[in-house]
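Just so you know, residue 1 is the first one in the sequence shown, and it goes up from there.
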Amino acid sequence: MSAPFSWLKPEPMGLYIAPADAWIDPSRAVDRALVTHGHADHARGGHGETIATPATLAIMALRYGVEHGVVPVAYGETHSLPGNVRATFVPAGHVLGSAQILLEHAGERVVITGDFKRSPDPTATPFAVTPCDLLITEATFALPVFRHPPIEQEIAKLLDTRARNPDRCVLVGAYALGKAQRVIAELRRAGYTDPIWLHGAMERTCGLYEDFDIDLGDLRPVADAPKGALIGGIVMCPPSALSDRWSRRLPDPITAMASGWMRVRQRAVQRNVELPLIISDHADWDELTCTIADVNPTETWITHGREEALLRWCELHQRKARALALVGFEDEDD
């Protein structure tokens, strides 16, 4: 009799589903890939067949030119793979189109979370707790120090800073896929109706979100701003542009950054960030431990992050667990 979950093999380049000859989020091109979401540390071009949600496939077409060999699978839909393996895509709450993947084979249920969060996000379908025998979870913020504040608190800080500095603009660094759109949507939810100005690198991704019926309000490119229009405004840019020559044209910008890493003061200092905004699209410590308890698997595998701390938590709570050693997974939160 084979060992439990022996059909799923952690390899340095990703998780290999042996009976289906398929991979989860592989870091190299393969014949058949199941992709949890569109960030570059999980998605790439070149696969023979790419299986993902329609929104993730749209993101991959935009960012990586993936147009051929695509297999769209809607949330809740089950896709049959070779080797009598069934794959069901379940919302992960991370970014637009992000999914957990439930694999069923040989009487065993395995859930791969991909990146996920459980806090509310108007731009992503909420995380769905899915019972299973084996949970494979991310661990990006798996340290007790990482407890993300309510996003309403951070958006209020942003709006208050803008109100107190009417002769300046607030330049917000945010990852171009997911984080930027979430910040914009939360600003709208807080009642901010003025135009939000975009770095050119964000225009197409924001347009894709609107193609999926996510209303981001009045967005305008910085390149088209008339003289003086940016004074008192909010400008969104990729984190790399915060100290770029591009930002010098802005009217005395207050530098802000939206990232879970802004909890670490030294990170803000290194980036010369005046206004740290603790906004993350990853689960914090409480969400990670709560998810393990809610799913209640017989075993947990932990990957790409602070594996050791979460492994220790599992041990203290008499939960069987192991840390994986996958390469190519980096936090895209900043």
Side-chain angles (χ1 to χ4, degrees), residues 11-17 20-75 77 79 81-82 87 89 91-92 94-101 112 114-116 123-125 138 173-182 184 198-214 216 219 221-223 236-241 244 246 281-282 304 326-334:
E11 301 287 351
M13 63 177 279
L15 290 163
Y16 181 59
I17 311 166
D21 190 22
W23 296 80
I24 305 287
D25 292 350
S27 58
R28 298 203 301 266
V30 298
D31 290 339
R32 180 179 296 113
L34 287 75
V35 178
T36 60
H37 66 284
H39 281 149
D41 57 338
H42 291 257
R44 54 154 297 151
H47 302 310
E49 183 177 79
T50 303
I51 305 167
T53 65
T56 293
L57 291 174
I59 290 166
M60 293 179 69
L62 178 67
R63 303 184 95 200
Y64 319 118
V66 176
E67 296 180 349
H68 303 291
V70 299
V71 180
V73 181
Y75 288 136
E77 182 181 345
H79 179 75
L81 296 168
F89 285 67
H94 178 55
V95 296
L96 177 67
S98 63
Q100 306 171 77
I101 300 176
I112 300 98
D115 291 340
F116 77 98
T123 68
T125 304
E138 67 137 310
Y175 192 66
L177 170 59
K179 184 68 60 62
Q181 295 77 26
R182 185 186 182 196
I184 292 168
L198 300 180
H199 184 284
M202 294 187 162
E203 292 177 47
R204 292 197 302 163
T205 308
C206 287
L208 187 147
Y209 267 66
E210 295 190 319
D211 290 343
F212 280 85
D213 298 322
I214 296 172
L216 300 176
L219 304 179
V222 168
M236 305 290 300
C237 73
S240 60
D244 191 72
W246 171 87
D281 286 332
H282 292 265
H304 55 286
L326 305 183
V327 299
F329 291 100
E330 300 293 339
D331 173 41
E332 295 240 11
D333 199 50
D334 61 353

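Between His282 and His304, the distance from one ring center to the other does not fall under 6.0 angstrom. Aromatic rings from Tyr175 and His39 are positioned such that their centres are separated by under 6.0 Å.
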> Would His42 and Asp115 count as a side chain to side chain donor-acceptor pair (under 3.5 Å) if you check the C-alpha gap in whole Å, the side-chain angles of each, and the deciding distance to 0.1 Å?
Replying inline: CA-CA 9 Å; His42 291 257; Asp115 291 340; 3.2 Å; yes
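Looking at every heavy atom in both residues, Ala29 comes nearest to Gly46 through CB-O, 3.5 Å. When all heavy atoms are compared, the tightest approach of Val35 to Phe89 is O-CE2, 3.8 Å. Considering all non-hydrogen atoms of both residues, Ala174 and Lys179 come closest at CB-CG, 3.7 Å. Here the closest non-hydrogen pair linking Ala201 and Pro238 is CB-CG, 3.9 Å. When all heavy atoms are compared, the tightest approach of Gly178 to Val95 is CA-CG1, 3.6 Å. For the residue pair Gln181 and Thr123, the shortest heavy atom distance occurs at O-CG2, 3.6 Å.
Using a 4.5 Å cut-off on side-chain heavy atoms (C-beta onward), Tyr16 and Asp21 make contact. Counting heavy atoms from C-beta on, the side chains of Pro91 and Gln100 never come closer than 4.5 Å. Residues Trp23 and Arg28 have side chains not in contact (no heavy-atom distance under 4.5 Å, counting atoms from C-beta outward). His199 is listed as a side-chain neighbour of Trp246, based on a closest heavy-atom distance under 4.5 Å. Side-chain contact check for Pro221 versus Leu198: every heavy-atom pair is 4.5 Å or farther apart.
Applying the side-chain hydrogen bond (donor to acceptor under 3.5 Å, both in side chains) rule to Thr36 yields the partners Asp25; only residues at least two apart in sequence or on another chain are considered. Looking at residues two or more places apart in sequence or on another chain, you find no side-chain hydrogen bond (donor to acceptor under 3.5 Å, both in side chains) involving Thr205.
Distance check: Leu96 CG to Leu208 CG gives 6.5 Å after rounding to the nearest 0.5 Å. One finds the CD1 atom of Ile101 at 6.0 Å from the CD1 atom of Ile112 (value rounded to the nearest 0.5 Å).
Within the 3.5 Å criterion, the main-chain N or O of Leu177 finds no donor-acceptor partner in the side chain of Tyr209. Side chain of Tyr75 to backbone of Ala99: no donor-acceptor contact under 3.5 angstrom is found. Panel note: side chain His94, backbone Asp281; a donor-acceptor pair is recorded below 3.5 Å.
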Could you list the donor-acceptor pairs under 3.5 angstrom formed by side chains in residues 48-61, with sequence neighbours left out?
unit_1	atom_1	unit_2	atom_2	d
Glu49	OE1	Arg32	NE	3.0
Thr53	OG1	Thr56	N	3.2
Thr53	OG1	Thr56	OG1	3.1
Thr53	OG1	Gly97	O	2.8
Thr56	OG1	Gly97	O	2.9

